[in-house]
Participant: 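This is the structure I want to talk about, given as structure tokens.
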Amino acid sequence: MTIDFQQIERKWQHRWEKARIFEADADINRKKFFCHFTYPYVNAYPHLGHFYTLMRPEVFARFRRLQGFNVLFPQAWHATGSPIITAAQRVKEKEEKQLKILKDMGITDQEQLKKFENPEYWIEYFIPEFTKDFKAIGISTDWRRSYFTTELNQWYDKFIRWQFNKLKEKNYVIKGKFPVVWCTKCRNPVSDHSRSEGEGETPQEFTLLKFPLADHANKRIILVAATLRPETLFGITNLWINPKTTYIQAKVNDEHWIISKECLDKLKFQDKSIEIEKEIKTAELLGKYVSIPKSNAKVLILPGEFCNPSIGSGIVMSVPSHAPHDWLGLVEIKNDKAIAEKYHLNFAAINLITPISLISMEGYSEHPAKDACEKRKIKSTKQLELLEEAKKDLYKAEFFAGIMKENTGIYKGRKVEEAKEQIKKELLQSNQSNVFYELTGRVICRCLTQSIIKIVDDQWFIDYGNKEWKEIAKKALAKIRLYPELSRPQFEYTIDWLKAWACSREEGLGTKLPWDQKWLIESLSDSTIYLAFYPIAHYIQKINPEKINDLVFDYIMLDKGKQPDIEHIAEMKDEFQYWYPFDFNSSGKDLIQNHLTFALFNHTAIFPEKYWPNGYGLNGWVTVDGKKMSKSLGNFILMRDLPTKYSADASRFTIMNGGENMDDPNWDNQFASSFKTKLEQLYTFCTENYNKGSDEWRNIDQWFESRLNESIKKVTYFMEETLFRTASQKMFFELNKALRWYLKRTNNKPNKKLLSHFIESQLIMLSPFTPFICEEIWETIGKKDFIAKASWPLYDEDKINKQLDIEEQLIETVLNDTTAVMDLVKITPKSMKLFVADSWKYDLCIALRTEYNKTKNPGIIIKNIMIREEFKKHGEDVMKIMQKTLKSGIMNILHNDDEEYNTLCNAKQYIEAELKLSIEILLEKDSEDKKSQQALPGKPSIIIK
RNA sequence: GCGGAGAUUCCAGAGCGGUCAAAUGGAAACGCCUCAAGAGCGUUUGGCUUAGUGCCUUCGCAGGUUCGAUUCCUGCUCUCCGCACCA
């Protein structure tokens with residue numbers, strides 16, 4: 001039987017839509033359930049990653065509907081921020097890479113490509129594409145409530161403005177300074193994905209240490225050295241400047257600094273007033289003395305060609321003992337008199353310089369920098385790469401393992417890790433240093449301009465660092481249900497660690513800050529309470545946006561103020577109060593550290609406690625056949641390809657069978673292919689066997705009924721926990737296995753009522769996973785309404801009987817053993833004897849169990865048992881059984897003799913039937929004169945004659 | 001480095017102190033059934049086996065607790081996710 005899945009899919013999509021069965025309205029007489037898939041960013045087609053995260057609320061929604069809940073499952077689209085706008089810009093610039101991305105999506109028409117130069121077209125194009133793909137795969141969404149989120153959606157725009165006004169009222173939006181990676185051409189921060197080079201490079205905080213020139217006649221002139229290690233200032237022996245560069249003297253905030261030109265250019269963006277005074281030739285500086293901050297000791301300025309004017313200030317403080325560069329620099333200059341002569345330096349004075357060690361660390365000598373050079377066999381300051389490595393290693397080691405030595409005054413004995421912060425603070429306070437931000441590496445913007453660090457000084461922040469707010473957010477976290485719970489520590493950590501978040505942008509798509517129109521609201525800040533928009537989305541978007549203001553949202557969502565005079569206002573309030581908060585918002589685990597935690601904060605700031613979130617669903621990242629999904633590996637799967645290749649149902653089941661919890665789910669191509677045929681078999685079996693069978697009621701029917709009830713119970717539990725993988729396995733594979741055994745045991749004459757009940761139950765349980773085929777079968781077996789509207793099967797606790805399972809297991813093992821023995825003897829026996837153990841053996845087992853629970857000590861157990869009269873007479877056998885049971889575990893002895901015997905009688909008939917033999921099977925109790933005295937409890941032995 | 005999650009047999013993945021050579025599913029092999037393929041059914045997929053209700057070696061590595069550890073503890077190694085102004 002081959003089934004035309006695509007035809008079935010179209011048919012039911014159409015019917016669902018026509019009957020509008022997924023459209024949900026507030027109904028105070030019904031329990032509500034609001035679930036959601038975090039709105040996706042619409043700049044490409046949806047792929048497997050979307051599919052998995054989407055399927056979790058989808059299955060959950062369908063499950064809750066079956067349970068009788070009124071389910072709201074809406075879907076909106078996200079487009080704020082910079083990706084779309086930069087992509088559009090790149091299309092305009094005809095950038096190869098960007099054009100290829102569109103071409104790979106099948107967009108080749110020149111006319112159409114031109115349209116993609118407009119950011120709005122991206123939204124216009126991709127939203128329908130997403131919608132189409134979601135519908136094709138059978139997502140049960142209430143599409144009336146969709147919206148998208150840019151300033152182009154005026155209603156949503158009003159909503160976001162309201163949100164920010166509320167945050168501002170509570171002083172959660174603050175103004176401040178912030179270092180950002182900045183492109184001077186685009187006049188925008190340069191995010192990781194808008195870089196053509198330098199992904200992952202970040203601003204790094206340097207300390208600018210001030211070294212006043214000693215004995216300077218007129219005014220205080222300061223040489224400024226940039227360092228990451230201010231704590232090493234106790235070990236400074238000299239300064240390095242690059243003799244091949246010219247430095248600049250400039251007035252910086254009322255001081256006269258000498259630094260490299262490159263540094264000066266950067267400083268301009270870092271909140272400093274700068275006036276260039278003059279160029280300084282290095283000859284003017286070399287051989288002079290400067291004084292060290294704190295100690296005021298005087299040290300020489302020496303030439304070091306390794307000083308890079310583009311890094312830091314181009315002036316380096318030399319700490320030979322703890323910096324490999326400085327160590328080698330000092331060695332070189334001491335060994336080469338020519339250098340001193342060349343720059344007219346006092347060679348004797350240079351030779352007096354001795355490294356000062358100030359940090360002690362296990363496994364290193366007095367001068368760790370020397371060790372580091374020797375370890376890597378570095379001989380010269382020209383070996384830049386090796387030196388860089390050595391430096392990094394040593395810095396790391398000293399930072400975490402180093403202890404400040406005696407010569408560091410009050411820092412003596414402290415860890416470097418702590419001392420560093422302390423020293424930094426002190427130097428800043430006494431104006432002996434400044435903060436300077438430098439990139440950790442070269443960053444090139446997509447526009448091919450080299451990026452710098454800029455201190456933005458009128459930047460708006462959402463103050464997630466606010467301590468009281470953190471406490472309230474924690475309260476919201478305590479209340480929320482997490483699927484799975486094990487994500488909770490990550491949330492706790494994030495709340496603690498979160499600092500003020502820059503929420504304003506100069507460019508991009510989005511809503512303008514209501515009180516400062518030059519700024520746009522950044523896209524992770526405008527996407528925190530957006531789920532509150534769904535309950536009213538379909539009404540509000542019918543209203544003239546001019547009429548929407550803060551008072552409208554105050555009234556609907558906060559129950560504040562007089563009822564505004566606009567259409568649908570009562571409905572909107574009812575809808576909101578009925579549906580909110582959401583019960584399950586599904587997203588990838590990567591959103592914990594921003595979006596989801598932000599959402600918690602924002603809910604507590606804006607809404608009363610009853611509207612704080614009820615549930616988050618977290619999941620991992622999809623892999624394909626065990627490998628990371630990526631375009632370069634060629635295993636990148638788009639949602640749109642699934643229905644044609646595997647059918648929507650098989651795809652849905654495959655992805656849900658791929659994983660659960662926060663593990664990365666795996667998409668198994670082979671499984672997807674083979675599952676399609678399994679669905680065909682399901683169809684055939686159900687349609688051919690529904691309402692057929694016998695009216696007899698036998699032990700085996702009781703067993704099957706028990707298994708069915710047990711399965712329903714388990715599956716219900718796993719569905720509640722969103723452990724959809726386990727649930728799907730239990731309802732499909734495990735139940736089918738039971739069904740096969742049942743059919744075998746009844747010679748394909750199942751009980752009619754029971755089998756029909758089974759088919760119905762299984763179909764309903766499967767329908768959240770494979771809705772199309774289930775609808776089709778449901779209709780074929782004569783059901784009138786949609787299976788989507790059926791009732792989730794209930795289980796009857798009284799019908800679950802574990803004993804029946806044990807009996808069936810026994811029958812199965814006897815059967816298997818019998819077959820095995822018959823195979824061995826290779827004759828057709830006339831009769832067969834099955835021996836079950838004597839009663840005393842069972843008694844022994846029970847006694848063993850009791851004794852074990854008392855002492856758990858084998859020696860004592862054996863002693864206690866052997867002194868009992870009833871076991872004495874079986875002396876040796878008792879020992880044997882005891883040894884065996886103690887070795888293999890004694891937990892399995894539960895049966896009592898008679899039950900065992902009865903079950904075997906039951907098995908006997910079955911064995912006869914199954915083996916299609918007319919043989920005589922005798923059941924006997926274990927007896928002395930038979931060779932069968934080995935028979936152990938729980939396992940009959942067989943003798944064939 | 002910090003925070004979080006992990007490491008199981010060909011693969012995915014159960015396992016929560018004895019019923020474990022380890023569920024379930026994929027895949028593969030063989031057999032039955034068939035003209036044939038698929039489906040279905042059965043067997044097999046750590047090693048040894050005198051074939052036994054047998055023995056040995058396995059659950060990242062190394063120790064420990066226990067009569068007993070895949071399961072508990074300690075240390076180590078490795079993998080994945082996050083560490084921000086970006087969706």
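Just so it is clear: chains get the letters A, B, ... in the order the sequence lines come, proteins before strands, and each one is counted from 1. This one's a predicted model, so the numbers in the text were calculated from it and none came from an experiment.
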Participant: For A:S525 and A:E522, does a side-chain donor sit closer than 3.5 Å to a side-chain acceptor?
Facilitator: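 Yes, A:E522 and A:S525 have a side-chain donor paired with an acceptor closer than 3.5 Å.
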Participant: Would you indicate, yes or no, if B:G25 has its OP1 or OP2 atom less than 4.0 angstrom from a side-chain nitrogen or oxygen of A:K678?
Facilitator: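 For A:K678, the contact criterion (side-chain N or O under 4.0 Å from OP1 or OP2 of B:G25) is not met.
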Participant: Please check the phosphate of B:A87 (OP1 and OP2 only) for any side-chain N or O of A:S523 closer than 4.0 Å.
Facilitator: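 For A:S523, the contact criterion (side-chain N or O under 4.0 Å from OP1 or OP2 of B:A87) is met.
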Participant: Less than 4.5 Å apart, any side-chain heavy atom of A:Y483 and any of A:Y616?
Facilitator: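 Result no, sub-4.5 Å side-chain heavy-atom pair not found.
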Participant: Are A:K175 and A:D463 within salt-bridge range, i.e. N to O under 4.0 Å?
Facilitator: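 The answer is no: the pair does not qualify as a salt bridge.
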Participant: Using a cut-off of 4.0 Å on non-hydrogen atoms, how would the nucleic acid contact of A:Q459 be classed: base, sugar-phosphate, or nothing?
Facilitator: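 Touches nothing.
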Participant: Does A:Y493 or A:A79 map to a spot on RNA chain B nearer the 5' end, using the closest nucleotide for each?
Facilitator: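 In this pair, the answer is A:Y493.
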Participant: Please determine, for the side chain of A:K744, which listed nucleotide (B:G42, B:G82, B:G25) has the closest atom?
Facilitator: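 So the side chain of A:K744 is nearest to B:G42.
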Participant: Which residue in the set A:Y646, A:F653, A:F769, A:W667 passes ring-ring contact (aromatic ring centres under 6.0 Å, His included) when paired with A:F675?
Facilitator: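 Going through A:Y646, A:F653, A:F769, A:W667 one by one, the ring-ring contact (aromatic ring centres under 6.0 Å, His included) with A:F675 is satisfied by A:F653 alone.
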Participant: Should the heavy atoms of other residues, nucleotides or ligands under 6.0 Å from CH2 of A:W182 be counted, would the total exceed 12?
Facilitator: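 Correct, the count exceeds 12.
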Participant: Nearest-Å distance, CG (A:N747) to P (B:C41)?
Facilitator: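 The answer, rounded to whole Å, is 16 Å.
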Participant: Considering only B:G26, B:C81, B:C85, which nucleotide approaches the side chain of A:W621 most closely?
Facilitator: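 The nucleotide sitting nearest to the side chain is B:C81.
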Participant: Looking only at side-chain atoms of A:W501, point me to the closest of B:C85, B:G26, B:A87.
Facilitator: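 Shortest atom-to-atom distance from the side chain points to B:C85.
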Participant: For A:S504 and A:Q459, which I'm curious about, is there any donor-acceptor pair between the side chains at under 3.5 Å?
Facilitator: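 There is such a pair between these side chains.
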Participant: Does a salt bridge link A:E680 with A:K676, judged by any charged N lying under 4.0 Å from a carboxylate O?
Facilitator: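 No, A:E680 and A:K676 are not salt-bridged.
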Participant: Would you say B:A87 has OP1 or OP2 under 4.0 Å from some side-chain N or O of A:S82?
Facilitator: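 True: A:S82 side-chain N/O within range (under 4.0 Å) of B:A87 OP1/OP2.
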Participant: Using purine N1 to pyrimidine N3 plus N6-O4 or O6-N4 for Watson-Crick, or N1-O2 and O6-N3 for G-U wobble, both under 3.5 Å, which nucleotide pairs with B:G25?
Facilitator: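 Answer to the pairing question: B:C11, which forms a Watson-Crick or G-U pair with B:G25.
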Participant: Quick check for you: among B:G4, B:C86, B:A27, whose closest atom lies nearest to any side-chain atom of A:Q490?
Facilitator: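 That would be B:G4.
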Participant: Identify whether any heavy atom of A:H595 sits under 4.0 Å from a base atom; if not, whether one sits that close to sugar-phosphate; answer base, sugar-phosphate or nothing.
Facilitator: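 Contact class for A:H595: none.
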Participant: Under a 3.5 Å cut-off for both distances, is B:C35 Watson-Crick or wobble paired, and to whom?
Facilitator: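 Because no pair has both required distances under 3.5 Å, B:C35 counts as unpaired.
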Participant: Give one of base, sugar-phosphate or nothing for A:E522, where a contact means two heavy atoms less than 4.0 Å apart.
Facilitator: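 Contact class for A:E522: sugar-phosphate only.
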Participant: I want to confirm an ordering. Mapping A:K737 and A:W497 to their closest nucleotides on RNA chain B, which one lands closer to the 5' end?
Facilitator: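 The answer here is A:K737.
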Participant: Under 4.0 angstrom, heavy atoms only, what part of the nucleic acid is A:A672 near: base, sugar-phosphate, or nothing?
Facilitator: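 Counting heavy atoms under 4.0 Å across all strands, no contact is made by A:A672.
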Participant: Sugar-phosphate means primed atoms, P, OP1 and OP2; the rest is base. With that split, encode nucleotides 6-14 of chain B 5' to 3' as B, S or - using protein heavy atoms under 4.0 Å.
Facilitator: -------S-
Participant: Pick the C1' atom in B:G46 and in B:G42, then give their distance to the nearest Å.
Facilitator: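 That atom pair is separated by 23 Å.
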Participant: Check each of A:W122, A:Y39, A:F148 against A:H78 using the ring-ring contact (aromatic ring centres under 6.0 Å, His included) test, and report the only one that passes.
Facilitator: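 Only one option passes, and that is A:Y39.
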Participant: In terms of side-chain heavy atoms of A:R740, which of B:G82, B:G25, B:A84 is nearest?
Facilitator: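 Output: B:G25.
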Participant: Paired with B:C80: which nucleotide, if any, by Watson-Crick or G-U wobble criteria at under 3.5 Å for both distances?
Facilitator: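 The answer is B:G4, by the H-bond criterion.
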Participant: Ignoring the backbone of A:Q670, work out which of B:A84, B:G26, B:C85 is nearest its side chain.
Facilitator: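 When the side chain of A:Q670 is considered, B:G26 is the closest of B:A84, B:G26, B:C85.
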Participant: Just call it for A:K499: base, sugar-phosphate, or nothing, with non-hydrogen atoms closer than 4.0 Å on any strand.
Facilitator: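 The answer is base, as A:K499 lies within the cut-off (heavy atoms under 4.0 Å) of a base atom.
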Participant: What integer distance in Å separates A:L618:CG from B:G3:P?
Facilitator: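 From A:L618 CG to B:G3 P: 20 Å.
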